[in-house]
Amino acid sequence: MKQTDFSVRQLIHGRLSLGDGPVLRVQNPATGEQLAEVPTASAATARLAAEANGAAAAEMRALSVAGRVALVRALGGAVRADRERLAAILTAESGKPIAESVGEVEYAASFFDNAASAAEMAAGEVPAARAADRRILVLREPVGATFAITPWNFPLAMIARKLAPALAAGCSQAVKPSEETPLTALAFTALFERVAREVGAPPAAFSCLVGDAATIACALIEHPSTRKLTFTGSTEVGRILAAQCAPRLMRTALELGGNAPFLVFADADLDRAVEQAVLTKFRFMGQTCISANRFLLDAGIAGEFLARLEWRMRALAVGDPRDERTRVGPLINDDAIAKVERHVANAVAGGARVRIGGARVKVAGLADRFYAPTILEGCTPSMACACEETFGPVVAAMTFASEREAIELANGVASGLAGYVMTQDADRLMRVAEALDCGVVGANDGAPSAAEAPFGGRKDSGLGREGGAHGLDAYVDLKYVSMRVRG
Ligand code: ADP
């Protein structure tokens, strides 16, 4: 793709304009070539954007539910209609295999559909009052101006997951996308500007600012009109942001890192378990926060499971992410591949065995960022690959002798985002699903994400839920009116 194929304009106060700060160079992780130069927003521009976001909150609050729903539905339709182009941009800047990028665009559109439906169905409450002369009305009001910070692994879907319910609830939102993947966000931004004009919605309801993360975050968080921060990213940055929001007692939703266990019991259907393992582990080469990180296997079937998984992994096509057949593309950047190498080296030094992979793979004509699908056998809970999120195509396997031990291993980490349980025993399925200390459980399901489900984590994986009716509630402030009624 050429520089001219990308929109590099930001959206501030309803106007598309070039940033006034230093230029950000965006690279294609597969080829190493520069895709575009994006002029970023300066601190002064970020402060203006915060001001405009606050003013737009009042306009959104005044917009009827029908008007909000029309905007959100139209955005879903526009995203879907532009599927091929958005997916190509997403793949170019993230290295996500193109088939998955197309899937992400559809996933993003589903958040707009879902939020529009949730807003249409939303209803307040009239609880039974104890006194005869009293009525209590619970009103749902929009939170106001909100600020979102999104990561590079779902450059479109994470914006959709935050923006769709914000708009549907009657809030404005300023978004700062990741500096690794601003081009998908800016393509969506141009689309938003057009759709808002077409449906007559406030054009400033959404702003998109690309630039230095800390500078933009400070401007938005410190501005008195910003009422909520929603962040998806690392636990480390989540803690910094929570501390920044604390003096203002600002609402925060934090979707942070995971360290998902994938439990395979002896009574699992092994072929089905292998399919689900491939889904969770090789979606975007393991670079998602709900990717299985630790494979906990019943000692009785561990060998057989890994043999079948190995066979399946050997069939995964490693290559150019623009190719429809590719399942394994490049990792996002050099730090990502260095982390995978560090985890594998640490495991091997600790006694783990590389069953397959364990090194970079050279793909002709492309950058040196491809890592082979890897199985590490004989891992232990103290290894780096078990304590930290590897975020790469590595299956770190260890065994257990009982259900109790499996649950202890599964829960014995600081994170609590997702967990997977593979079994055909319905009692065990429910027992283990309930025992897992996390927010999302894939029960014989390696791809549990869905726009209609309340996604989020526990412990170091953060706070808040996104998706479905709960996702809408995250942008709603309850108020009750107590009335005295004379008889
Ligand atoms: P990852 O390691 O997956 O890139 P990060 O938490 O570093 O995760 O990044 C997620 C998002 O947080 C990105 O948009 C990034 O620019 C932003 N970010 C990083 N550091 C800060 C910070 N100090 N303040 C605000 N946002 C930040």
Side-chain angles (χ1 to χ4, degrees), residues 10 19 21-22 24-27 29 38 40-41 43 46-47 49-50 90 93-96 146-163 173-186 188-189 207-223 226 228-248 250 252-259 283-291 293 331-340 342-343 369 388-392 415 417 457 460-463 466:
Q10 316 194 23
L24 172 70
R25 291 186 173 78
V26 186
Q27 227 198 33
V38 182
T40 59
R47 282 192 292 273
L90 208 160
E93 66 177 350
S94 72
K96 184 171 283 195
T146 65
F147 172 43
I149 301 178
T150 56
W152 50 262
N153 57 354
F154 289 93
L156 188 61
M158 290 307 103
I159 293 177
R161 187 154 84 183
K162 295 174 187 305
L163 179 64
Q173 189 162 82
V175 174
K176 192 212 78 63
S178 166
E179 46 276 58
E180 303 282 353
T181 55
L183 300 175
T184 309
L186 293 173
F188 170 78
T189 296
S207 354
C208 183
L209 294 157
V210 174
D212 180 67
T215 304
I216 294 175
C218 284
L220 269 293
I221 293 172
E222 284 169 11
H223 197 278
T226 309
K228 175 174 174 136
L229 166 77
T230 168
F231 170 74
T232 298
S234 61
T235 299
E236 187 192 354
V237 174
R239 283 193 216 284
I240 295 172
L241 290 168
Q244 273 180 268
C245 291
R248 292 206 43 219
M250 191 188 289
T252 50
L254 304 170
E255 303 285 358
L256 310 178
N259 182 347
R283 184 172 179 214
F284 201 15
M285 294 75 79
Q287 299 177 115
T288 88
C289 48
I290 61 165
S291 287
N293 198 51
L331 296 189
I332 186 76
N333 55 31
D334 293 333
D335 287 349
I337 201 154
K339 183 178 190 187
V340 172
R342 178 169 64 78
H343 280 196
R369 291 230 182 82
E388 300 169 29
E389 223 178 353
T390 301
F391 242 54
S415 311
L417 186 55
D460 280 6
S461 295
L463 1 137
E466 293 182 324

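Values reported hereafter were calculated over all heavy atoms of this structure, with side chains retained and with hydrogens, waters and symmetry mates removed. Start at 1 with the first residue, then count along the sequence. Bear in mind the structure is a predicted one, so any value in this text is a computation, not a measurement. As the structure lists them, so they are numbered: ligands from 1, and atoms in each ligand from 1.
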Is the shortest distance from atom 9 (O) of ligand 1 to a protein heavy atom below 4.0 Å?
no
Give yes or no for whether the N/O distance cutoff of 3.5 Å, strictly under, is met between Ser234 and ligand 1.
yes
Identity and separation of the nearest protein heavy atom to atom 12 (O) of ligand 1:
Phe231 CE1, 3.2 Å
Can you tell me if Glu93 and Thr181 form a side-chain donor-acceptor pair at under 3.5 Å?
no
Verify whether one side chain among Thr230 and Glu466 offers a donor that lies under 3.5 Å from an acceptor in the other.
yes
Evaluate the side-chain contact (heavy atoms from CB on, under 4.5 Å) criterion for residues Ile216 and Phe147: first the C-alpha distance (whole Å), next the side-chain angles of each, then the deciding distance (0.1 Å), finally the verdict.
CA-CA 10 Å; Ile216 294 175; Phe147 172 43; 4.2 Å; yes
Take Asn259 and Glu388 through the side-chain contact (heavy atoms from CB on, under 4.5 Å) test and state the conclusion after the steps.
CA-CA 7 Å; Asn259 182 347; Glu388 300 169 29; over 6 Å; no
Cation-aromatic face contact Lys176/Phe231, 6.0 Å, 45 degrees:
no
For ligand 1, which atoms have a heavy atom of Leu241 less than 4.0 angstrom away?
24 (N), 25 (C)
Show me which atoms of ligand 1 lie under 4.0 Å from any heavy atom of Ile149.
11 (C), 12 (O), 14 (O), 17 (C), 25 (C), 26 (N)
Counting heavy atoms only, which of Thr150, Thr181, Val237 is nearest atom 21 (C) of ligand 1?
Val237
From Pro182, Ser178, Ala213 - option closest to atom 27 (C) of ligand 1 by heavy atom
Ala213
Does the side chain of Thr226 reach to within under 4.5 Å of the side chain of Arg248, using non-hydrogen atoms?
yes
Give the numbers and elements of all ligand 1 atoms closer than 4.0 Å to a heavy atom of Ala217.
24 (N), 25 (C)
Could you walk me through whether Arg239 and Leu256 satisfy the side-chain contact (heavy atoms from CB on, under 4.5 Å) test, starting with their C-alpha distance in whole Å, then the side-chain angles of each, then the deciding distance to 0.1 Å, before giving a yes or no?
CA-CA 9 Å; Arg239 283 193 216 284; Leu256 310 178; over 6 Å; no
In the protein, which heavy atom is nearest to atom 23 (N) of ligand 1, and how far is it?
Ala214 CB, 4.2 Å
Quick check: Trp152 and ligand 1, any N/O pair under 3.5 Å apart?
yes
For Thr390, which of His343, Gln287, Lys339, Arg342 qualifies under side chain to side chain donor-acceptor pair (under 3.5 Å)?
His343
Any atoms of ligand 1 less than 4.0 Å from a non-hydrogen atom of Gly233? List them with their elements.
6 (O), 10 (C)
the protein heavy atom lying closest to atom 15 (C) of ligand 1 turns out to be Glu179 OE1, 3.5 Å
